[in-house]
K.L.:
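Mind looking over this structure? Questions follow.
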Amino acid sequence: MSIHYATATGPVNIATLKYWGKRDKDLNLPTNNSISVTLDQSDLRTLTTASCSSKFEEDQLWINGTTYPLDTPRSIQVLKDLRKLRENVEIQDDSLPKIAQFKLHIISENNFPTAAGLASSAAGFAALISAVAKLYKLPTDNSELSKIARKGSGSACRSLFGGYVAWEMGDREDGEDSKAVLIADRAHWPDMKAAILVVSDMKKDVPSTSGMQLTVQTSDLFQHRIKEVVPKRYVEMKDAILAKDFPKFAELTMKDSNSFHSVCLDSYPPIFYLNDTSKRIIKLINLLNSAAGETIAAYTFDAGPNAVIYYEQKNEKYVLGMLHQFFSHLDGWTDEKFNPASAQILTDFPLDKLEKDVYSQGVSRIILTQVGDGPVETDDVLVDLETGLPKNL
Ligand code: DP6
């Protein structure tokens, strides 16, 4: 069978200024600007082959060998937008094959365990859109593609870029100005590291989509956040990134995580994403910063209890030195990422006053990573060119 295919990757991004609230649910238009750091794809990425053929019968998605329907309104919209762009390309260049209406087989592999409980939809949509854009030979303006990713999942639009990324909320009703833009690439500030503490939690979180709807409808504090807090913080955080001012960046990041979780608590009924383990991690970071006499680490939490801790390479010995005291039993401390001999505990860190048994509870894995690049095209082929199904089934 004749199969057209192309492959690309998509990274995870973790917001430092949170997107929380939609002004248009269908177009996924946000109530505020947001900012994120894209993480290194050698640790966290989705690899996707997009393939199409006149013989395929339906649009289908496989993630790590399991099939998922592509029939949600959001996926339908994303594929519709991509097909429309392909039609324009075909009209402009008559020599190109007419593949816009062929059904798609999208085959994805994540390099991180699904059990890690990390939201992978941003990496997934970024990889899917980048792979289809390559397959369809679309003009690769990443901000344009980010508008399509946004319709899949809001935060996914920021994964179309590497480094430090803003999502400009825009003000048009049709959403055409609500897109991701680059603040600075990875190379501008390559020393940014991230430690992800995956917090084990049995309880099902309130999904972001419904959580943010509830906040918009019921929280009074939310109005203050979007009108007063975020606009100022957005400018300050961009400036801190451009100036590579870590203490400022870190303070704004932690304050914004706190602000986001406050509007969740102010929703009615309240939404709790942080659990006791998350709160102990916040305390450890605060004690570390006090012991250092300056802000050397920042925590941030999304719609769940997992902690992401940002720090600069030069302080790794103190940040990982402290975390290793409590979490050395976890998977993720590879020799390549961490050298126990270089670890240091700041003299003012009150290690002997903290109950080690209590503080080391509740975390199931650590992922040590750093700022990374945006989607890349690769030569991998995940589709079996005889059957049109995943090779690794
Ligand atoms: C807390 O992008 O998952 O992670 O647009 O409904 O798909 P939908 O929501 P989603 O929300 C992410 C919320 C957040 C903050 C952020 O990433 O900015």
Side-chain angles (χ1 to χ4, degrees), residues 10-39 44 46 72-78 117-126 128-129 146-161 164-170 175 178-181 183 194 196 198-199 204-217 219 222 225-226 229-230 233-234 237 252-267 271-274 278 298-308 310:
V12 167
N13 76 77
I14 299 291
T16 51
L17 181 62
K18 305 293 186 192
Y19 148 53
W20 196 253
K22 297 178 204 271
R23 62 177 205 278
D24 183 315
K25 200 160 101 324
D26 298 325
L27 291 172
N28 256 351
L29 299 177
T31 50
N32 61 266
N33 294 333
S34 57
I35 294 179
S36 60
V37 178
T38 295
L39 301 182
L44 300 160
T46 302
T72 61
R74 289 176 175 199
S75 314
I76 291 170
Q77 186 61 51
V78 165
L118 293 166
S120 53
S121 62
F125 275 111
L128 182 154
I129 287 164
S146 81
K147 290 190 252 172
I148 304 180
R150 187 201 76 223
K151 295 183 199 170
S153 177
S155 57
C157 73
R158 298 183 310 240
S159 278
L160 264 298
F161 291 93
Y164 303 84
V165 187
W167 173 7
E168 296 177 341
M169 63 181 285
S178 186
K179 58 179 193 297
V181 295
I183 299 174
I196 305 174
V198 179
V199 173
K204 184 95 186 76
D205 296 327
V206 179
S208 341
T209 308
S210 47
M212 58 181 95
Q213 288 301 101
L214 183 67
T215 303
V216 172
Q217 284 155 13
S219 165
F222 174 73
R225 169 169 166 81
I226 59 167
V229 179
V230 176
R233 196 167 278 162
Y234 179 69
M237 193 176 285
L252 295 168
T253 296
M254 291 188 280
K255 283 186 168 171
D256 202 67
S257 176
N258 297 347
S259 162
F260 153 52
H261 290 280
S262 304
V263 297
C264 289
L265 183 61
D266 189 48
S267 306
I271 309 166
F272 305 94
Y273 288 123
L274 305 180
S278 320
Y299 58 78
T300 186
F301 297 83
D302 281 342
N306 294 339
V308 177
Y310 285 115

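Treat the numbers as computed from the prediction; the structure is a model and nothing was measured. Just follow the structure's listing: the first ligand is 1, and inside any ligand the first atom is 1. These values consider heavy atoms only, across backbone and side chains, with no hydrogens, waters or symmetry-generated copies.
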K.L.:
Give me the atom names and distance for the closest heavy-atom approach of Lys147 to Gly175.
P.N.:
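Closest heavy-atom pair between Lys147 and Gly175: CD-O, 4.1 Å.
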
K.L.:
Just which atoms of ligand 1 are under 4.0 Å from any heavy atom in Arg158?
P.N.:
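Those qualifying, in numeric order: 16 (C), 17 (O), 18 (O).
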
K.L.:
Just to be sure I'm reading this right: ignoring hydrogens, which of Gly211, Ser210, Ser155, Ser36 gets closest to atom 2 (O) of ligand 1? Compare them by their nearest heavy atoms.
P.N.:
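Looking at heavy atoms only, Ser155 sits closest to atom 2 (O) of ligand 1.
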
K.L.:
For atom 15 (C) of ligand 1, what's the nearest protein heavy atom and its distance?
P.N.:
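Sorting protein heavy atoms by distance from atom 15 (C) of ligand 1 puts Tyr19 O, 3.3 Å first.
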
K.L.:
Would you please say whether a donor-acceptor pair under 3.5 Å links the side chains of Trp20 and Thr31?
P.N.:
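The answer is no; no qualifying pair exists.
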
K.L.:
Is a donor from one side chain sitting under 3.5 angstrom from an acceptor on the other, for Ser259 and Lys18?
P.N.:
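Distance-only check fails for Ser259 and Lys18.
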
K.L.:
Of all the atoms in ligand 1, which lie at a distance below 4.0 Å from a heavy atom belonging to Asn28?
P.N.:
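Selected atoms, number and element: 5 (O).
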
K.L.:
Is it true that Arg74 and Ser121 share a donor-acceptor pair across their side chains at a distance under 3.5 Å?
P.N.:
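Per modelled atom types, Ser121 and Arg74 side chains form no pair under 3.5 Å.
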
K.L.:
Going by the atom numbers of ligand 1, which of them fall below 4.0 Å from some non-hydrogen atom of Ala15?
P.N.:
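Near Ala15, meaning under 4.0 Å from one of its heavy atoms, ligand 1 has 16 (C), 17 (O), 18 (O).
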
K.L.:
Below 3.5 Å, N or O to N or O, backbone or side chain included: is there any such pair between Arg74 and ligand 1?
P.N.:
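There is such a contact, yes.
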
K.L.:
With heavy atoms only and a cut-off of under 4.0 Å, state how Ser153 meets ligand 1: side chain, backbone, both or neither.
P.N.:
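Looking at Ser153 and ligand 1, atoms from backbone and side chain both fall under 4.0 Å.
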
K.L.:
Can you check whether Gly154 has an N/O within less than 3.5 Å of an N/O in ligand 1?
P.N.:
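Such a contact does occur with ligand 1.
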
K.L.:
Against heavy atoms of Met212, which atoms of ligand 1 measure under 4.0 Å?
P.N.:
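Once the distances to Met212 are compared, the set is 9 (O), 11 (O).
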
K.L.:
Taking all non-hydrogen atoms of both residues, which atom of Tyr234 and which atom of Ala166 are closest, and how far apart?
P.N.:
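Closest approach of Tyr234 to Ala166: OH-CB, 3.4 Å.
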
K.L.:
Should you measure from each heavy atom of Phe260, which atoms of ligand 1 turn up under 4.0 Å away?
P.N.:
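Answer, ordered by atom number: 1 (C).
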
K.L.:
Quick one: do Asp256 and Arg225 satisfy salt bridge (charged side-chain N to carboxylate O under 4.0 Å, His left out)? Show the steps, please.
P.N.:
CA-CA 10 Å; Asp256 202 67; Arg225 169 169 166 81; 2.8 Å; yes

K.L.:
In terms of residue, atom name and distance, what is the protein heavy atom nearest to atom 4 (O) of ligand 1?
P.N.:
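Ranked first by proximity to atom 4 (O) of ligand 1 is Asp302 CG, 3.3 Å.
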
K.L.:
Distance-only, no hydrogens or angles: does the Ser159 side chain make a donor-acceptor pair with backbone N or O of Ala126 under 3.5 Å?
P.N.:
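No: the side chain of Ser159 does not pair with the backbone of Ala126.
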
K.L.:
Between Thr209 and ligand 1, which part of the residue brings a heavy atom under 4.0 Å of the ligand: side chain, backbone, both or neither?
P.N.:
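Looking at Thr209 and ligand 1, atoms from backbone and side chain both fall under 4.0 Å.
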
K.L.:
Would you mind running through ligand 1 and noting each atom that sits below 4.0 Å from a heavy atom of Lys22?
P.N.:
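Checking each atom against Lys22, I get 5 (O), 6 (O), 8 (P).
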
K.L.:
How far is atom 3 (O) of ligand 1 from its nearest protein heavy atom, and which residue and atom name does that atom have?
P.N.:
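It is Ser208 OG, 3.3 Å.
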
K.L.:
Regarding Tyr299 and Asn258, do their side chains bring together a donor and an acceptor under 3.5 Å, going by distance alone?
P.N.:
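Checked: Tyr299/Asn258 side chains pair up, N/O donor to acceptor below 3.5 Å.
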
K.L.:
Knowing that exactly one of Thr38, Ile35, Val37 qualifies, which makes a side chain to side chain contact (heavy atoms under 4.5 Å, CB included) with Asn13?
P.N.:
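The passing option is Thr38.
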
